[in-house]
Amino acid sequence: MRFKRILSQEVRLTVFDLNELSEPLKYLCEKAKNMAFQAYSVYSNFRVGAAVLLEDGQIIGGNNQENVAFPSGLCAERTALFYAHAQFPDKKIKAIAIYSPDAKNLLTPCGACRQVMLEYESIQGDSIQTFIVTNEEVYVMDSVKDWLPFEFSADLRR
Ligand code: THU
């Protein structure tokens, strides 16, 4: 079939050394790490920690919470984000850091978490950075839009 045009969207992860981050961001990454070790992940044995940084510097931690009725569980990212937005609906979210000691490869947020991250980014009108923490490095995504190319966002509606 002959196509008319191609639409494409480039996404970028920028990699830093963990110890090159500013102290507050290093602390955010440490929080994500610590939260992973409190995960309730008895069914998957896959521990994930998340830490959300609010505009006033406050950090909200979360981790995955599983359930014997599998779909009733929740990822670390949404546990932290929902708590943050439930408690502080008027505070902008600057960043979310995630970490798993059980990941063989780079841990990237699932589709549902990406959509939830995008919701908050679009209603606040400022981008949310994602920090994927590994033992020595951190992979930074500057906007949630990069996680969801051709996204369906809250600011799409007329
Ligand atoms: N999980 C997260 O918490 N975050 C992710 O980014 C990927 C997956 C959780 C869901 C489930 O409790 C476990 O990891 C295995 O999929």
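Indexing begins at 1, ligand by ligand and atom by atom, following the structure's order. Along the sequence shown, residues carry numbers from 1.
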inquiry  = If you count heavy atoms of other groups shown closer than 6.0 angstrom to CD of Glu136, is the number above 12?
reply    = no
message = Let's go through Asn63 and Gln65 carefully: what are the C-alpha distance in whole Å and the side-chain angles of both, what is the deciding distance for side-chain hydrogen bond (donor to acceptor under 3.5 Å, both in side chains) to 0.1 Å, and is it a yes or a no?
response = CA-CA 6 Å; Asn63 44 35; Gln65 296 292 319; 2.6 Å; yes
query = If only atom types and distance count, is the side chain of Glu151 paired as donor or acceptor with the main-chain N or O of Ser153 below 3.5 Å?
reply = no
ask   = Can you find an N/O atom of Leu107 closer than 3.5 Å to an N/O atom of ligand 1?
value = no
key: Numbered atoms of ligand 1 (with element) below 4.0 Å of Ser44, judged on heavy atoms   = 13 (C), 15 (C)
ask   = Should you measure from each heavy atom of Ala76, which atoms of ligand 1 turn up under 4.0 Å away?
value = 2 (C), 3 (O)
query = Thr108 heavy atoms, cut-off 4.0 Å: which ligand 1 atoms fall inside?
reply = 6 (O)
inquiry  = With heavy-atom distances below 4.0 Å as the criterion, list the atoms of ligand 1 near Cys75.
reply    = 1 (N), 2 (C), 3 (O), 4 (N), 10 (C)
inquiry  = Ring-plane angle category for Phe70 and Tyr43, please: parallel below 30°, perpendicular beyond 60°, tilted otherwise.
reply    = tilted
key: Any protein heavy atom nearer than 4.0 Å to atom 16 (O) of ligand 1   = no
ask   = Does any N/O atom on Glu77 come nearer than 3.5 Å to any N/O atom on ligand 1?
value = yes
query = Which of the atoms of ligand 1 are close to Glu66, meaning less than 4.0 Å from one of its heavy atoms?
reply = 11 (C), 12 (O), 13 (C)
query = Below 4.0 angstrom, N of the basic side chain to O of the carboxylate: do Asp56 and Lys91 qualify?
reply = yes
Close approach, Pro109 and ligand 1, non-hydrogen under 4.0 angstrom = yes
message = Heavy-atom distances under 4.0 Å decide this one: backbone, side chain, both or neither, for Gln65 against ligand 1?
response = neither
inquiry  = If you count heavy atoms of other groups shown closer than 6.0 angstrom to NZ of Lys33, is the number above 12?
reply    = yes
query = Using a heavy-atom cut-off of under 4.0 Å, does the side chain or the backbone of Asn63 touch ligand 1, or both, or neither?
reply = neither
ask   = Would a distance-only check, ignoring hydrogens and angles, find a side-chain to backbone donor-acceptor pair under 3.5 Å from Glu137 to Asp17?
value = no
Tyr27 atom OH, over 12 foreign heavy atoms within 6.0 Å = no
message = Could you check whether any side-chain N or O of Glu121 sits under 3.5 Å from a backbone N or O of Ile128, counting only pairs where one atom can act as donor and the other as acceptor?
response = yes
query = Quick one: which of Leu74, Asn45, Asn64, Ile132 has a heavy atom closest to atom 14 (O) of ligand 1?
reply = Asn64
inquiry  = Within the structure, is a non-hydrogen atom of Ile98 found at a distance of less than 4.0 Å from ligand 1?
reply    = no
